[in-house]
Amino acid sequence: MDETMHDKKYHPVLNHPPLGTGNFGQARLMFETKTGKKVAIKYIPRGKKLDENVVREIHNHAILNHPNIVRFIEVLLTPTDLAIVMEYASGGELFDRVLTNGRMQEDEARYFFQQLISGVDYCHSKGVAHRDLKLENALIDNSHNNTPRLKICDFGYSKHSLIDSAPKSAVGTPAYIAPEVLKRQGQYDGRAADVWSCGVTLYVMLCGRYPFEDKTDPKNFRKTVKRILNGEYGFPSKVALSEKCRELLAGIFQVDVAKRLTMEDIKKDEWFNVNLPSELFENDDVSASLHASKFEPMDRELLTRIVEKARETPSSGGGSFGSNNYEARKDGGDEENEENRQPPLPAAAAADNNNRMSKAMSVDEYMEMEEDFH
Ligand SMILES: Nc1ncnc2c1ncn2[C@@H]1O[C@H](COP(=O)(O)OP(=O)(O)OP(=O)(O)O)[C@@H](O)[C@H]1O
């Protein structure tokens, strides 16, 4: 693997702050040198810390090709990082849209929910359960004639039904985790858990807060867990939702997985079908090919070889735009921008970007944090 390839193929957008920083690395906006096209590249520092999550993220993301999923382009190595190259979604996170504009009317929330379901349904049809669906992992792409398009991202917790072991671990983001996942009683169906998280996403768009938080003590994870396990939620008095919309949410928030709506049920739901764009559920591969001009999934063996190489101790020296070089750039003036990037947070619970309940990690980690906290 030629480690200078990255620098030849992509170059940075000058003075652009990082798109964001996750548990594993940092995402940056870059240009494809040949075409001038913008791409998002996620840099994950090389070394032994590159774990199974990263491998799964890459393998599962690489096989997906759908208009409502951020398109995976390729992985490359720099001397310091593993670089995951993806389609760039220019409109930021759906989370920020709710932060900025407040809760949505039913029509707008349905518009995004339909696209979310279209993307998740496609993932499931390819054997992939996402397991960390939330507003922060739903990006907006504004490049289609000013019609915002939802793009699911971050497959770091995803599982493939054939390749990976059946999901057992309680991972995800507390406010969005399904009760059977929280119970930690062995294997669960990742698809049903995704349905639950889609319901939480819809609720947050409509109500501007999380459904299972205790109103008087929203940051108390134990209380939230209890309410999730009991399927206990209500609606803010100021939010007037139609009966059909409430029925859909009630069908999704069924603690008993056997009673919970499936993706098929949601696709037939009356509220869901209002103004449903016909192309959303046409034959997925056909509709995908309409949107993504040519799609050749990166060879699985090559992917595996690159990730294996990335696990080796990084070579010294620079020349790349990996994490080490990024430090140098920060000194060059990005730091201030980076600090100012977050919009001011309103009081509403859904707007709390530092809320521990909106960060993905395992439930055990949360429990430990809670112990320390109390
Ligand atoms: N393709 C993309 N287009 C535009 N912005 C992106 C893209 N991918 C990621 N981002 C932005 O960069 C941020 C960091 O992404 P990243 O996937 O590294 O971490 P994360 O989703 O926050 O968390 P983690 O991977 O640790 O669960 C995201 O929150 C998102 O706002």
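Start at 1 with the first residue, then count along the sequence. Given the structure is predicted, the values throughout are model-derived calculations rather than measurements.
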Run Ser118 and Gln115 through side chain to side chain donor-acceptor pair (under 3.5 Å) and show every step you take.
CA-CA 5 Å; Ser118 174; Gln115 297 185 44; over 6 Å; no

Decide side-chain contact (heavy atoms from CB on, under 4.5 Å) for Met104 and Val98; before the verdict, give the C-alpha distance in whole Å, the side-chain angles of both, and the deciding distance to 0.1 Å.
CA-CA 7 Å; Met104 299 176 186; Val98 176; 4.1 Å; yes

Should the heavy atoms of other residues, nucleotides or ligands under 6.0 Å from CZ of Arg260 be counted, would the total exceed 12?
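Counting neighbours around CZ of Arg260, more than 12 heavy atoms of other residues, nucleotides or ligands fall under 6.0 Å, so yes.
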
Short question: side chain of [X], backbone of [Y] - any donor-acceptor pair under 3.5 Å?
X: Arg56; Y: Ser158; result: yes
X: Lys151; Y: Pro67; result: yes
X: Asn137; Y: Leu133; result: no
X: Glu312; Y: Lys48; result: no

Can you tell me how far the CG atom of Leu280 sits from the CG atom of Leu276, to the nearest 0.5 Å?
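The distance works out to 5.5 Å.
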
If you measure from CG on Leu116 to CG on Asn68, what distance do you get to the nearest 0.5 Å?
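Here the rounded value is 8.5 Å.
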
Does the pair [X]/[Y] count as a salt bridge with the N-to-O cut at 4.0 Å?
X: Arg227; Y: Glu232; answer: yes
X: Arg246; Y: Glu243; answer: no
X: Lys134; Y: Glu93; answer: no
X: Glu87; Y: Lys38; answer: no
X: Glu270; Y: Lys244; answer: yes
X: Arg191; Y: Asp194; answer: no
X: Lys267; Y: Glu264; answer: yes

Using the six-membered ring wherever Trp is involved, compare the ring planes of Trp271 and Phe113 and label them parallel, tilted or perpendicular (cut-offs 30° and 60°).
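Geometry flag for Phe113 against Trp271: tilted rings.
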
Take the angle between the ring planes of Tyr233 and Phe235 and call it parallel below 30°, perpendicular above 60°, tilted in between.
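Rings of Tyr233 and Phe235: perpendicular, as their planes differ by over 60°.
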
Polar contact flag, side-chain donor to acceptor under 3.5 angstrom, [X]-[Y]:
X: Asp265; Y: Thr262; value: yes
X: Tyr188; Y: Arg131; value: yes
X: His124; Y: Ser161; value: no
X: Thr304; Y: Glu301; value: no

Yes or no on ring-ring contact (aromatic ring centres under 6.0 Å, His included) for His130 and Tyr157, after CA distance, side-chain angles and deciding distance?
CA-CA 6 Å; His130 186 284; Tyr157 286 108; 8.8 Å; no

Positive for side-chain contact (heavy atoms from CB on, under 4.5 Å) with Ile58, one of Leu50, Leu303, Ile306:
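Of Leu50, Leu303, Ile306, side-chain contact (heavy atoms from CB on, under 4.5 Å) with Ile58 is met by Leu303 alone.
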
Evaluation steps, ring-ring contact (aromatic ring centres under 6.0 Å, His included), between Phe212 and Trp196
CA-CA 12 Å; Phe212 298 99; Trp196 179 280; 5.2 Å; yes

Starting from the C-alpha separation in whole Å, work towards a yes-or-no answer on ring-ring contact (aromatic ring centres under 6.0 Å, His included) for His59 and Phe72.
CA-CA 10 Å; His59 279 159; Phe72 173 94; 9.4 Å; no

So which of Thr224, Asp217, Thr216 actually passes side chain to side chain donor-acceptor pair (under 3.5 Å) with Asn220?
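Option passing the side chain to side chain donor-acceptor pair (under 3.5 Å) with Asn220: Asp217.
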
Between Tyr210 and Tyr203, is the ring-ring contact (aromatic ring centres under 6.0 Å, His included) condition met? List the steps.
CA-CA 7 Å; Tyr210 296 116; Tyr203 181 102; 8.9 Å; no

Show the numbers, then the answer: is there a salt bridge (charged side-chain N to carboxylate O under 4.0 Å, His left out) between Lys183 and Glu180?
CA-CA 5 Å; Lys183 277 186 193 145; Glu180 69 276 13; over 6 Å; no

Is His160 close to Ile63 at the side-chain level, that is, under 4.5 Å between some pair of heavy atoms?
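Yes, side chains in contact.
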
